[in-house]
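These notes are about the structure you will find just below.
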Amino acid sequence: MQKKNFVSMLLGTVGGILFAIGMCMCLLPEWGVFTQGIIIGAVGAVVLLAMLIVRRKMEGKPAVRLNGKAVGSVLLGVIGALVLGVGMCMVMIWSMMIPGILVGIVGIILSLCLIPLVKGLK
């Protein structure tokens, strides 16, 4: 295994676990650790961002540059994920089955719109 793959695997695992535990701490009111969950989730997100920077540095690539297309695809991805999450909340927490499924499908469609945006239409 190459060094860059090992470092990416290690940082990705640690960051992903911290982020997931932080989100569980925030979303489970029985635990009563909302504020601590935000901190742990933020630390996980920072570790994942550091993984991206370290990986690009180890590959000898320049820093990530954001242009209009990149910002648009990031925004579409974030909006699609948020809409899908709202649909899931509607179904599981607010007992709104049919509207939640419809909102979730809209979120999935928004996320699928990323494919032609990122890959380009041929």
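Predicted, not measured: the structure shown is a model, and the values here were computed from it. Position 1 is the first residue of the sequence, and the numbers go up from there.
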Met88, CE: over 12 other non-hydrogen atoms inside 6.0 angstrom: no
ILVMFWY network linking Val78 to Val46, side-chain heavy atoms under 4.5 angstrom: no
Working for side chain to side chain contact (heavy atoms under 4.5 Å, CB included), residues Val47 and Met51: CA-CA 6 Å; Val47 170; Met51 177 196 68; 5.8 Å; no
Heavy-atom pair with the smallest gap, counting every atom of Ile40 and Leu18: CG2-O, 3.3 Å
4.5 Å side-chain heavy-atom contact, Cys26 and Ile38: yes
Spacing of CG belonging to Leu102 relative to CE belonging to Met97, to within rounding of 0.5 Å: 11.5 Å
Separation of Ile93 CD1 from Cys89 SG (nearest 0.5 Å): 4.5 Å
Residues forming a salt bridge (charged side-chain N to carboxylate O under 4.0 Å, His left out) with Lys3, sequence neighbours excluded: none
Same apolar cluster: Ile21 and Val43, side chain cutoff 4.5 Å: yes
Single-linkage hydrophobic cluster, 4.5 Å side-chain cutoff, Leu28 and Val33 together: yes
Pro29: partners by side-chain contact (heavy atoms from CB on, under 4.5 Å), with sequence neighbours left out: none
Transitive ILVMFWY side-chain link Met25 to Ile17, under 4.5 Å: yes
Any pair counted as salt bridge (charged side-chain N to carboxylate O under 4.0 Å, His left out), so long as it reaches residues 93-103, sequence neighbours left out: none
Any Val91 side-chain heavy atom under 4.5 Å of Met96 side chain: no
Qualifying side chain to side chain donor-acceptor pair (under 3.5 Å) pairs with a residue from residues 18-38, counting only residues at least two apart or across chains: none
Pairs touching residues 8-18 that satisfy side chain to side chain donor-acceptor pair (under 3.5 Å), sequence neighbours left out: Ser8-Arg55
hydrophobic_cluster_shared for Phe19 and Leu11, side chain cutoff 4.5 Å: no
Interatomic spacing from CD1 in Ile53 to CG in Leu49 - rounded to 0.5 Å: 4.5 Å
Apart from Leu48 itself, residues in the same hydrophobic cluster as defined by side-chain heavy atoms under 4.5 Å: none
Contact summary for Ser111 and Ala81, nearest pair of heavy atoms: OG-N, 4.1 Å
Neighbour count >12 (heavy atoms, 6.0 Å) for atom CE, Met9: yes
Minimum side-chain heavy-atom gap Ile105-Ile109 below 4.5 Å: yes
Intermediate values then yes/no, side chain to side chain contact (heavy atoms under 4.5 Å, CB included), Cys113 and Leu76: CA-CA 8 Å; Cys113 290; Leu76 183 62; 3.9 Å; yes
Nearest-0.5 Å distance, CG of residue Leu114 to CG of residue Leu75: 10.5 Å
Nearest-0.5 Å distance that lies between atom CG in Asn5 and atom CE in Met58: 9.0 Å
